[in-house]
Asks: 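Below is a structure I'd like to ask you about.
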Protein chains: 2
Amino acid sequence: MGLNARKQQVLEAIVESHIKTAEPVSSRSIARKYRLGVSSATIRNEMADLEELGLIEQPHTSAGRIPSQPGYRYYVDRLLKKSDLSSRDEKLVRTIFAQKARVLANMVQRTIKTVTKLTDCLVLLSGPQLENAALRQIKTVPLLPGKALVVIVTVTGWVESKVIDLPSSVTAEDLTHIENVLNTYFRGLTFQQISRTILNNVYDELIKQRKAIDRIMEIVEAVLQDDSDEAIYLGGTQNILKQPEYSDIDEVRNLMGLIEEESTLRSILLDTHPHAVTVRIGREIKCDLASNYSVVTAVYNIGGYAVGAFGLLGPIRMDYARAMAVVEYITKVLSEVLSGDTL
Amino acid sequence: MGLNARKQQVLEAIVESHIKTAEPVSSRSIARKYRLGVSSATIRNEMADLEELGLIEQPHTSAGRIPSQPGYRYYVDRLLKKSDLSSRDEKLVRTIFAQKARVLANMVQRTIKTVTKLTDCLVLLSGPQLENAALRQIKTVPLLPGKALVVIVTVTGWVESKVIDLPSSVTAEDLTHIENVLNTYFRGLTFQQISRTILNNVYDELIKQRKAIDRIMEIVEAVLQDDSDEAIYLGGTQNILKQPEYSDIDEVRNLMGLIEEESTLRSILLDTHPHAVTVRIGREIKCDLASNYSVVTAVYNIGGYAVGAFGLLGPIRMDYARAMAVVEYITKVLSEVLSGDTL
DNA sequence: TTTAGCACTCAGTTGATAGGAGTGCTAATC
DNA sequence: GATTAGCACTCCTATCAACTGAGTGCTAAA
């Protein structure tokens, strides 16, 4: 869809004005506020063309124009000027990771809370899955018969702990032995590598102790298969309610319904291009409940392996430039911090 | 305020009808639905008296009556018939604690999620604070220089773990030593007792190792003073939005503002009678933001010591009988489970 | 003391009207 | 040929009056 320069300017003006005010944009207001050097009548003519192309639409005859979903798509693809976060905002983000104790659960909470201050969107975060984190050490702590705590420390200093159930036949000595084996063979490897490696290397070595291996596998699996890791964390509900589109109670209810549907949020968040900030607008999100929203998402990684996704969800009339800047910066910093490049 | 029997019946009818329908109640509908054996005119006379007493009020001249805040108070104190949970509901609550791993954080989440299904209120939960839990064992796990994991297991099998920072001068051997001391002297005591006991018993014993004592105190304090324990957990936002009072967008915003104010929620939750289910109605809650809500709260305990509070927040027109039954049952079960009486 | 009956009040709805914002089209201008 | 001024037209929004109906309060009778 090749638009001449002036049509692009008009479309850009309409999108940006509507993002700012949430109101339909009139030809006259464009002529006044954006110095295109032509009269409102000329802009009206261009608007008629843009409407024919399906990029803008009229809520009713005597109203101004608002961008259509394809209009926003055109804007995001070709008109939007990428912006960076201000250094003040970047500093704010850095404070998320200033705290010394590197506990994943805390970091997730702090990330969401902080981003909430940076945008008016709903903040979504999945993971991080530790599968691709390299192991520094595993500690096991026998608690009660049949119960032990497994503590995982990654090479980059992140701590995660889980209580697991064991066959009650496993003694404290077994556990110590298992811990030793795990640390000896697996230090520096990722969990993913462990599952592959174990069969080759360790199995032969410990063939005499079949039972111990079974236990080891149970532990590794218990740690990896914890469903709670797959939870979607979210915040900023209050934020998004400030947007004028949610002064209608039905919109609010729809939004709350969406928030409740964790599986939907998950599929939205995971439908993300692996190497770039992804923008999905309205019906581009393959989900009926969400066809009135847009999402900006990106994955973050540990040592180059995707381990989670981060995203912002807002009305279609959201500030895409800012949302993209936030998502890009957050996922960059998350990746750095989890991979240990900084700090 | 002594009301004759019929006035009480009329007040009860008004409160219960209004709780059910959220609409003003007319004399005629009472005459029809509640078999009082008198005509609507007689009920109108009684209503006039009740209004003069300030127990009911009229939104406008040609509307029915709704209970006033003192009217609800009278109802809760003298008219409300206490009810128990159905055995189906009780069974549902028991499933919260069916999971084997006794991890406090998980239990908190599950409790909230479950109660969300039992009422239309906002579910609030604080704690549990471990101060009054008796200690089975403490494990320390050195992680990195200056960082250790402290794992606490209570006598009743609950597990809580924290990453703490230590002076980097503390070695792994120090830590093991500290762990031994802690376990030797403190097993079976509550954290509260520990803080009192340590000065008397242990200090003399370990006088040669002043430094170690300081470390111990640091650990004990680090564990106790973790702010995250004082967080208020909440759920059921979607529930409460279904209530007809929240079809007004400003009401929704006010509610969201209240939810955001964690310190307010905390003070509401902690203003609870220590030995009974507490009901606070509207302005009885000492908080302007909350004067349009009612709360039903109660504390739960470990071995008789209060360790946290549980409550339901809803519109003043809430189902008090059910809310009280839920709060009473949940706190009873929480206390049992945490104290180890069952399971 | 209770009740039937009726006048009265007032919120909510409907319908008509006026005002205003914005467009689309036409004819004049550059 | 592109641009623009001007004007008729559309349709949303606000306002006001009239109407409706639910519910009350009061009075007089049972």
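Please read all numbers here as calculations on a predicted model, not as lab measurements. First the proteins, then the strands, lettered A, B, ... as listed; each starts at 1.
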Asks: Considering only NZ, NE, NH1 and NH2 on the basic side and carboxylate oxygens on the acidic side, decide whether A:Lys286 and A:Asp271 come within less than 4.0 Å.
Replies: no
Asks: Looking at B:Ala323, is its backbone amide N or carbonyl O close enough to the side chain of B:Thr119 to form a donor-acceptor pair, meaning the two atoms are under 3.5 Å apart?
Replies: no
Asks: So where does chain B start and stop touching DNA chain D, 5' to 3', when the test is distance under 4.0 Å to a non-hydrogen atom?
Replies: D:dA22 to D:dG25
Asks: Would you jot down, in residue-number order, the residues of residues 57-67 of chain A having a non-hydrogen atom under 4.0 Å from DNA chain D?
Replies: A:His60, A:Thr61, A:Ser62
Asks: So which of B:Arg65, B:Lys7, B:Arg6 actually passes salt bridge (charged side-chain N to carboxylate O under 4.0 Å, His left out) with B:Asp49?
Replies: B:Lys7
Asks: Has A:Gln243 got a side-chain atom pairing as donor or acceptor with A:Pro315's backbone, closer than 3.5 angstrom?
Replies: no
Asks: If you count heavy atoms of other groups shown closer than 6.0 angstrom to CZ of B:Arg253, is the number above 12?
Replies: yes
Asks: Just by modelled atom types, is the A:His273 backbone N or O under 3.5 Å from a matching donor or acceptor in the A:Thr278 side chain?
Replies: yes
Asks: Using 30° and 60° as the class boundaries, would you call the ring planes of B:Tyr246 and B:Tyr293 parallel, tilted or perpendicular?
Replies: parallel
Asks: Can you check the B:Arg44 CZ to C:dC8 C1' distance for me, whole Å?
Replies: 13 Å
Asks: State whether a side-chain donor-acceptor pair under 3.5 Å links B:Ser17 with B:Tyr34.
Replies: no
Asks: Using heavy atoms and a sub-4.0 Å distance, could you list which residues of residues 12-37 of chain A are near DNA chain C? By number, please.
Replies: A:Val25, A:Ser26, A:Ser27
Asks: Between the main-chain N or O of B:Thr116 and the side-chain N or O of B:Asn239, is there a donor-acceptor pair closer than 3.5 Å?
Replies: yes
Asks: Main chain of A:Ala309, side chain of A:Ser126: is a donor-acceptor contact present, judged purely on distance under 3.5 Å?
Replies: yes
